[in-house]
Structures are given as C-alpha cells and as structure tokens.
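Order of the sequence lines fixes the chain letters, A, B, ..., with proteins taken first and strands second; residue numbering starts at 1 for each chain. Computed from heavy atoms alone, side chains included, the values below leave out hydrogens, waters and symmetry copies. Everything numeric in this text was worked out from a predicted model, so none of it was measured.
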Protein chains: 4
Amino acid sequence: MNRPSTSDRVLPVTPRGQKTRQKLLRAAESVFGEKGYERASIADITRKGGVALGTFYVYFPDKQSIFVEVVDELGERLRRLIAEAVSGLKDRLQVERTGLRTFFEFARKHPNLYRVVRQAEFVDEACYRRYYDRFARGYVSGLTQAMDAGQVRRMDPEVLAYCLMGIGDFLGMRWVMWEDDPGLERVLDTAMALIRHGLEPRPSSKPGKSPAASPKRGARGARNALRTLA
Amino acid sequence: MNRPSTSDRVLPVTPRGQKTRQKLLRAAESVFGEKGYERASIADITRKGGVALGTFYVYFPDKQSIFVEVVDELGERLRRLIAEAVSGLKDRLQVERTGLRTFFEFARKHPNLYRVVRQAEFVDEACYRRYYDRFARGYVSGLTQAMDAGQVRRMDPEVLAYCLMGIGDFLGMRWVMWEDDPGLERVLDTAMALIRHGLEPRPSSKPGKSPAASPKRGARGARNALRTLA
Amino acid sequence: MNRPSTSDRVLPVTPRGQKTRQKLLRAAESVFGEKGYERASIADITRKGGVALGTFYVYFPDKQSIFVEVVDELGERLRRLIAEAVSGLKDRLQVERTGLRTFFEFARKHPNLYRVVRQAEFVDEACYRRYYDRFARGYVSGLTQAMDAGQVRRMDPEVLAYCLMGIGDFLGMRWVMWEDDPGLERVLDTAMALIRHGLEPRPSSKPGKSPAASPKRGARGARNALRTLA
Amino acid sequence: MNRPSTSDRVLPVTPRGQKTRQKLLRAAESVFGEKGYERASIADITRKGGVALGTFYVYFPDKQSIFVEVVDELGERLRRLIAEAVSGLKDRLQVERTGLRTFFEFARKHPNLYRVVRQAEFVDEACYRRYYDRFARGYVSGLTQAMDAGQVRRMDPEVLAYCLMGIGDFLGMRWVMWEDDPGLERVLDTAMALIRHGLEPRPSSKPGKSPAASPKRGARGARNALRTLA
DNA sequence: CATGAATGAGATTTCATTCAT
DNA sequence: AATGAATGAAATCTCATTCAT
C-alpha cells in the first residue's frame, strides 16, 4: 500500500514533463488543503493545474499517490528549512525558538500544511508516520546532543521531542488558523518561557555555558526534593 | 456549511427511540473512527447498529449531523471525565498530571477519539473549533486561577493552554497509536519534568530579552507546595 | 475471481425484488448478445431493463457477476430443455437427432446464446469451462450408456462427446447466424447421416443384437491396417 | 464498421518499415490472445513490440485494423499450412486425419489462435465470417471432389464441412486448452473412427427411419480403398 | 416508527487517438 | 519515420438520500 516517498525516488531530470508534474503537485497541495483529500477531485486538481483531466494519470497512478508525494515533499521542505535556520546556532534554546519561528512562518506561508498532513492518517498511514517519525528523529538527536553538552536536563529524549513537537504543532495550529493573531514573537515568548525552564539543565543554578540558565537562586534543598519526588 | 451542534438542538425524549438513536451514535463513532468520515457510509453505520438503512433518517437529517454529534459528545465526555478526575486536586501540577493521565486512558479506551476529531476539520469546521475551544476555555480558566494562586508563573494563559494541550495531544497520539509503549507513568514522568519546571512560579533567573519572563511575584507557600507534591 | 454460479446460489423468494432482478438479467442477456461484454455498458442494461443505473448495483455487485449469471442460466435452461426433449427416447440416434434439433431451435430463439457464451472465455474462464463441462458430462454419460447397451460403437466417450458437441455447435452457428437457411430437417439429415454411420456399433452392415461389436467379422488384417494407419 | 481485410489492401513494401510493422503484428497477436481485444491497449502492443506508442499510428489507422489483420493472417497461415500438409495425399481419410493433426499442432503452437479468432465476432463480423467462410470453402471443395471420386458418401458438402470443422474446433479446443492431454494420436484415433464410418461411401446398413440415409450408390472399389488405406 | 428498494449525481480511472517535435 | 505528452470521452461503481409501504 505504501509507495516510496519522494525522497527515495530518482527524479527524472527532463524539464519538459516535470513542469506539468510540478503544476499538478502544486495544485494538489492547494486543493487537498482547501477541500480535504476525499472532497478534492482529480478534476479539481487538473483544473487548478491548468491541464486536462487525463493528464493527471500520465504523472500519477492515482489520487493517493499524489497525496503521499505532496505530504512527503512538504515534510522534506519543512525539515530542510528548519535545519538551515538553526544550522549555525549553538544554544539549544535558540535552536528551539528559531525552529518554532521557522515552523510558524512556514505554516503561515503554506496554510495547507496542517490540513494536508492531518489527513494523511486516513489516506496512507505509513506516510503519516513517516512525516512525524522523520521529524522526531531529527529532534531526538538534537536534544540528545544538547543533553550530552549539558544544555538540557536529562530526560527521555523521545518523549521530550514529542512534547516539544506538540507545543509547536498546537501553537502553530492556533496561531495560523485561528485568526486572532497575538503576534508571532509574543507567542514565541510565552512558549519559550515554558520550554526554557522546562529544559534547563539544573532547574536552578550553575551558569556554565548554558546561556539561558544561570539561575543562581537558592532553595537547593527544595530543588533536590523536587527531583526526587517528581 | 456548518450546522448547529447537538447541544443547541432539541433532542427527542422518547426512550424507545433513544435506544435506537444511541445505537446509531455508538455505531457511527466506531465506523467513523475506523474508516474515516468520507469512507464510512450510512449503510455501514446502520449495519453496525443493527437497524435498517432508512431508520437512520428517522433520527438524523444527514450524515454530517451524526458526525457532529459524535464529536461533540466525545468532547463532552472527555471534558467531564477530566474535570471529575481533577476536581478535588488543589495542586496545579497534580491537576496537570492527572489530567494527562485521564486523557491518555480515555484515548486508549476510545482509540477512535483522535481519528474522529481530527476529521472534524473538514466535515464541520465549527464543530472542530468548538471541540478545542471548549477544551482550551477550561484549561485557560484553570491556569489563570493557578496563576492567581501563585502556583503557576504568569504567562499568557491561552498560549500556555495550547502548549500544554499540544503536549498532551502529541504524547497521547504517540503513546496510544504507536505501539512501543514505554509505560504510562514513565511517559508522564518525563512530560511532568518538562511541565513542572516550565510552570514553576519562580522562574530560575535571568530574563534576558524574553519579555514575558519576569513574574517575580511571591507566593512562596504555593511554590513549596508544588515542590513537595509534584 | 469466480463467483458461485446461479445454480449454486440460494435464491430469495421475495417476488418484489426478483422482478427487477429478472428484468436486469433479461436485459443483460440481450445487451451482451448484441454488443458483446466489453462494449455493453451497465447503462445499456439498465436502460433496456427500464430501471435507473444505480439499481443495477442493488442486485449485482458488478458487471462480471451478471454476465456469469446469464451464462450459467442459459446453460441450465438449454440442458434442461434438451434433457426433457430426449427423455423418453430409447434409440441413441433419435436422442442425437432430437438433441440437435432442440439445440438448434433454442439457439434460434435465443440468438444471443452463442454470442454470449463465446465471450465467457475472456470474462470468467471458470464459467466458460463450467458451461461446456456440464454439457459434456451429460453427453458422456449418455454415450457410455448407449455403448453399454450396444447402441454405439465403443470409443473414448469423452472425445466422442466433444466431436458431437462440435458438430452441433458449428452447425448451429452456421444455421442460426448465417442466414441462408437450408431448412432445419435437411441440415439434420446430413448431420445424422454422418453421425449415424459414425456411431453404429458394427461399422459395416448387419444390425443384429451384437452389442459392443465383438468384431467377429473377417477382414481382420484390413481392420488392423486401418487402426494402424488411420 | 467493417474494414477491408488485409488481403484487399495494398501493403507498403519498405523493408525498414515492414520490420516494425511485423513487430507490431506479432505483439498484437500475443496481446490480443492474452487479454482479449478490448482489454488489450495500444500501449500494451507497442510496449511488447518495443516501439513507441505513437509509432503504432504510423502503420495502422486504428486498433480494429491491426486486429483484423492479425485474424486474417492467422487464418491464411493456418489454411496454407493445412493445404501443404495434405497436398500430396490422395485418400480423403488421410486428408482428414492429417488436416486435424496439423490444425491441432498449429493451435498448440499458437495458443492464442482460438482466443483471437473467437473475438472477431464482436470486433469485425466480416472478418469473422471471412475466417470461417474461407476455411469452409476449401473444405467444401475438397469434400466435393472426394464425393465425386467416390471416396466419400454423397451428402450436402457444406453441411458436412461444418460438421467436420466443428469436430476439429471442439476437439482442438479441448485438447489445446484443457490440459489433461490424452495424447494427440489417441484423440485422432477416436475422432477418425467417427469420421471414417460417417464418411464411408457405402453406408453400412439399416436405413430405418432416417430419410437421408439411403444413397446406395456403387463406388465399391473406392470404398475398399478407403478401408484399406484410411 | 421502521423498512429497504430505488435513484442519479458524481468520482475515479482507462485509453484510443492526436500532434508538435 | 518515430516519438510520447497531452487530451477528453466514456465507463464502472459508490452512496447519500427519498419514499411508498
């Protein structure tokens, strides 16, 4: 049932056919986002793409295939974008904040991102998992490094990754789709307030390298109690 | 496109009919969860419900209506369940942990919860918003109270609510649907480690640039309670 | 791929639905015969049957199913008709002649018989085989009895059955479909001249009783030569 | 709907093009045989032929044309093959046996023969009739000569030809396609036993009721020859 | 209330054929 | 001559909904 994702496929380089193929992918992304997978018809896609109905089947074997390709592609673009945006950053909190911001901005530019990806669950579960798995994989490895570097408190990195992804996902959804925009940076501030303290290696104390940390406050005993109990 | 939600509608009270109505709602929940809204047919629902096809239209005007009702009902049940579970709890961290646990358990018992709700976006957007809005509303008011009580650091409560909902949502999704179960309490431990420090009223230190970061208020007693219990 | 044939299925006795079902079967028989399986559309069938397009799918899961049912039914009717026609006859030659005549008359009344059955090969091979197998089975057992009774010379009864079926088939095809009709009885005369001598228990002369031909006659050398050469 | 058959058309003589043309004809024969006319696509044919889709239309105006050509060609090859095989034979029974054997062997080598020809009925009826007419024409003239020579009893030669063709057709179908092969010569033995006595000039005996039965003509010598040789 | 036969609009998919290169 | 991208007509099949009983 699964098809190889876009990234696993060798793309032909003929610019000729690719133009139409790209037109269809763009059209599909938009139509799937607007109407949802099931309500989107092939005719909608070809109409929006400006080609004839039959042309669709020159490039894709069926509706599911183009959907999967759209999702895989969106995921890839988003991951690459975030990776580039955070590539030079040393501080994990900066990575988080920049990553969130990049994600939000991408989601705003591609208002269908959410709407498309969410549907994958019912169209091709493998594709759906792939989307989040790949995201999570990168997240986990980044967090693990940060933990090793003492920038982030030790916890199960996979669970943590899902927590942070969940924050980004829900916040993004709210910010992008529900239109009373409180301003990107203000949203980021609040989210980062939560994340910063949640992640800081020693909830209170020890500046070290960690820039966001240097808590320096007392209440050591209490903190230890917390550690023990929580 | 939107229809009034179930709660706004006058429900017939005949007990006889209610039995059939309930059968249909149960069947619909299950069928929608398994096949998705579009692929689920009225015939599937009536078959599973053990009634004749035509009977469906005695109780519901159309397919969308029953879907909306299912979603509204699920949301209501879940909210009530969580509300009851946390009702006696004074400590916000306990509320968070218990809420999460209740949610996870509900999601595991109703494996279709996610699958059904996620689709609402394309079936009836109002219903979809309603689901999260109501959830968020309760969350926001709880958090606000906790902030007022000095149990939680001051931040934009709505943004915070979405962050916490996102954590629950993603973690639940991962825990419920992706089957390598690391154990509920262990997952909760990690999540709570993040949340606890993220929420604790006396942020460790050093606001830096982040504007939303410096509550600086007292409420030590509350904090100590937090430390002790969470 | 194969479906159970009509004869193997329990037919509901509701006269209600059956009327429509029969209408569709009749229409299908005629349309398949006229246009061929592939060129016949469901719309053609329902139009001829006087029902709406969708009604087709209330009674048949797909096009192939109704085709198979038409073929099975035709075969059954034909076999029953021939069986009745020859059922009192003692003499095998009379059985052959009567069988042929019955077949020709049936084929003329159902001009689509040939055209429908021939296509079965490409639509559902099992159905195709079934058609001829069942026919052959009856033929073989009749011939074997006649051989036991000394009415027919001993030969491989199955091969013989196919020879005789072939005669009927081709002759019927020619007589029914290619329109220069030389008269049924005249055609039968010629066919029977071939068959009679081909079947008669003692190839040359002398009726007598001699059942399975215990060849007792002279000219052994010649016969042996025949056997060897022919 | 009918098109002129290949034999009536002027064939281009470019040797270059002929190679491609032949490739297409071979591919078409095989594809038509495997999938049937309607299910076989031009793309199937060109793929199997190893040429581009558009090339098809350089050599054939449409799908029907190549089909008709394939059928005509098959018929021609088969007729020529049989004609050659029986060309030296004087004895009609030997002709029959050899003809049958040649046909069976051809059918086995070209397993698509039957499948292709049978479809002609719905693709181009003229082509279908042509196939059998030409076959029958040769058969009739051969039988007439044999009757004139006293080798075969007098009967309506056309009806007789169809009887014999039917025997060959059905037996061939059974032998070629239904795989429990009893051995070619054994099948021929039985068929020839039927045919030999059916054809022998001096019908053995017993006029009885059958009207067409009493030729009573001489030609003893011939009969003896038959007996001896066949 | 309950039923289920009947409907027909609409969706996906196939493919013979054209045509610019 | 050869190519293959593009076309759009047509076919199969699904299913929400209606309605007479």
Visitor: When you measure from the side chain of A:Ile42, which nucleotide among E:dT13, E:dT17, F:dT12 comes out closest?
Guide: E:dT13

Visitor: Rounded to the Å, how far apart are A:Ile45 CD1 and E:dT12 C1'?
Guide: 11 Å

Visitor: To the nearest angstrom, how far is A:Arg47 atom CZ from E:dG10 atom P?
Guide: 12 Å

Visitor: Find out whether C:Tyr59 and C:Leu25 are in side-chain contact, i.e. whether some heavy atom of one side chain is under 4.5 Å from a heavy atom of the other.
Guide: no

Visitor: In terms of the nearest nucleotide of DNA chain F, which residue is placed more toward the 5' end: D:Val51 or C:Phe56?
Guide: D:Val51

Visitor: Rounded to whole Å, how long is the line connecting atom NZ of D:Lys35 with atom C1' of E:dC15?
Guide: 11 Å

Visitor: Bend angle of the helix from E:dA2-F:dT21 to E:dT21-F:dA2 from five-pair axes at both ends, rounded to 10°?
Guide: 10°

Visitor: In terms of side-chain heavy atoms of C:Leu53, which of F:dT3, E:dT13, E:dA9 is nearest?
Guide: E:dA9

Visitor: Using a 3.5 Å distance criterion without hydrogens, assess whether the side chain of D:Thr46 forms a donor-acceptor pair with backbone atoms of D:Ile42.
Guide: yes

Visitor: Compute both the distance and the angle, then confirm whether B:Arg115 meets the cation-pi test with A:Phe122: under 6.0 Å from the six-membered ring centre, within 45 degrees of the axis.
Guide: yes

Visitor: Report the distance from atom OH of B:Tyr59 to atom C1' of F:dT18, rounded to the nearest whole Å.
Guide: 18 Å

Visitor: With a 3.5 Å distance limit and no angle check, can you tell me whether B:Lys63 reaches the backbone of B:Ala40 through a side-chain donor-acceptor pair?
Guide: yes

Visitor: Check whether any side-chain heavy atom of A:Tyr37 lies under 4.5 Å from a side-chain heavy atom of B:Glu38, and answer yes or no.
Guide: no

Visitor: Counting heavy atoms from C-beta on, name the nucleotide in F:dA6, F:dA16, E:dA6 closest to the side chain of B:Lys63.
Guide: F:dA16

Visitor: Quickly work out the B:Lys23 NZ to E:dA2 C1' distance and round it to whole Å.
Guide: 11 Å

Visitor: Which nucleotide wins on minimum distance to the side chain of C:Ser41, given the candidates F:dA11, F:dA1, E:dT3?
Guide: F:dA11

Visitor: Would you say E:dT14 has OP1 or OP2 under 4.0 Å from some side-chain N or O of A:Tyr57?
Guide: no

Visitor: Whole angstrom is fine here: how far is it from CD in C:Glu38 over to P in E:dT14?
Guide: 14 Å

Visitor: Quick one: is F:dA6 close enough that its OP1 or OP2 comes under 4.0 Å of any side-chain N or O from A:Thr20?
Guide: yes

Visitor: For C:Ser30 and C:Asn112, which heavy atoms make the closest approach, and how far apart are they?
Guide: CA-ND2, 3.5 Å

Visitor: So do the side chains of B:Tyr128 and B:Val123 get within less than 4.5 Å of each other, counting heavy atoms only?
Guide: no

Visitor: With nearest nucleotides of DNA chain E determined for B:Gly50 and C:Ala52 from heavy-atom distances, which residue corresponds to the more 5′ nucleotide?
Guide: B:Gly50

Visitor: Roughly, in whole Å, what's the span from CZ in B:Arg39 to C1' in F:dC15?
Guide: 14 Å

Visitor: What is the distance from CG of D:Asp44 to P of E:dT14, rounded to the nearest Å?
Guide: 12 Å

